[in-house]
Engineer: 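Can you read through this structure? Questions will come right after.
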Amino acid sequence: MIELVSETRCISCSLCISVCPTNVFDKGDNGVPVIARKSDCQTCFMCEVYCPADALYVATQPDQDVTVSEEALAESGQLGSYRKTIGWGKGRTPIASSPQIYELSKQMLPDRK
């Protein structure tokens, strides 16, 4: 579930507002998105994936609120960590390019002779 929008990192691009399938965010008076309908969050990570500033944190526990500290998330590298993991963003390698993913996909697909 969405837990944090970092006001210090956010560049007010509104991409998170645009990509959210359940309309969780409203644009704040200062341009920074506000989590307005948290209970509508589906934990799809779309907002975190599209955030070019790694200013969002989506917790993996979809059905519970998690108390988070922006400072602790920043120090541990968790702000935008899903985006980093899948390789979205300048200078990152997409996970789909990983040889391990290719080998895994070969194992999962049935033989097509």
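Quick note: numbers below take in every heavy atom, side chains included, and nothing from hydrogens, waters or symmetry partners.
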Engineer: Any chance CZ of F45 has more than 12 other-residue heavy atoms, nucleotides or ligands included, within less than 6.0 Å?
Structural biologist: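 Check passes, neighbour count above 12.
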Engineer: Looking at E70 and R9, does any basic side-chain N land under 4.0 Å from a carboxylate oxygen?
Structural biologist: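 The answer is no: the pair does not qualify as a salt bridge.
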Engineer: Mind checking whether E3 and K38 have side chains closer than 4.5 Å, heavy atoms only?
Structural biologist: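 A side-chain contact exists here, since the closest heavy-atom pair is under 4.5 Å.
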Engineer: Cut-off 3.5 Å, no hydrogens considered: what does the side-chain donor-acceptor table look like for residues 15-24, sequence neighbours left out?
Structural biologist:
{"unit_1": "S18", "atom_1": "OG", "unit_2": "S14", "atom_2": "O", "d": "3.2"}
{"unit_1": "T22", "atom_1": "OG1", "unit_2": "D40", "atom_2": "O", "d": "2.9"}

Engineer: Tell me, with the steps shown, if K27 and V32 meet side chain to side chain contact (heavy atoms under 4.5 Å, CB included).
Structural biologist: CA-CA 6 Å; K27 190 164 194 156; V32 175; over 6 Å; no
Engineer: Between the main-chain N or O of G87 and the side-chain N or O of R92, is there a donor-acceptor pair closer than 3.5 Å?
Structural biologist: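 No, because the side chain of R92 does not come within donor-acceptor range (under 3.5 Å) of the backbone of G87.
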Engineer: Just by distance, do the side chain of S6 and the backbone of A55 share a donor-acceptor pair under 3.5 Å?
Structural biologist: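 No, because the side chain of S6 does not come within donor-acceptor range (under 3.5 Å) of the backbone of A55.
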Engineer: Using modelled atom types and a 3.5 Å cut-off, is there a donor and acceptor pairing between side-chain atoms of R83 and backbone atoms of Y50?
Structural biologist: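 A pair under 3.5 Å: no.
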Engineer: Same cluster for V5 and L79 if Ile/Leu/Val/Met/Phe/Trp/Tyr side chains link at under 4.5 Å?
Structural biologist: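 They do not share one cluster, since no chain of ILVMFWY contacts under 4.5 Å joins V5 to L79.
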Engineer: Do Y57 and V68 have side chains that get closer than 4.5 Å, going by heavy atoms?
Structural biologist: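 With C-beta onward as the side chain, the pair touches.
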Engineer: Could you check if a side-chain atom of N30 sits within less than 4.5 angstrom of a side-chain atom of E7, using non-hydrogen atoms only?
Structural biologist: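 N30 reaches E7 side chain to side chain.
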Engineer: For the side chain of S81 and the backbone of G77, is there at least one donor-acceptor N/O pair under 3.5 Å apart?
Structural biologist: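 Checked: no pair found.
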Engineer: Looking only at atom types and distance, does a side-chain atom of E48 sit under 3.5 Å from a main-chain N or O of V58, one as donor and one as acceptor?
Structural biologist: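 At least one qualifying donor-acceptor pair exists.
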Engineer: Can S69 and E71 be counted as having a side-chain donor-acceptor contact under 3.5 angstrom?
Structural biologist: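 Distance-only check fails for S69 and E71.
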Engineer: For the residue pair L73 and L4, establish whether any side-chain heavy-atom pair is separated by less than 4.5 Å.
Structural biologist: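 Side chain of L73 against side chain of L4, heavy atoms only: contact under 4.5 Å found.
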Engineer: Any salt bridge between D54 and K84, counting N to O under 4.0 Å?
Structural biologist: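 Not counted as a salt bridge, because no side-chain N and carboxylate O are separated by less than 4.0 Å.
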Engineer: With heavy-atom distances below 4.5 Å as the criterion, would you say the side chains of F25 and C47 are in contact?
Structural biologist: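 They are in contact (side-chain heavy atoms under 4.5 Å apart), so the answer is yes.
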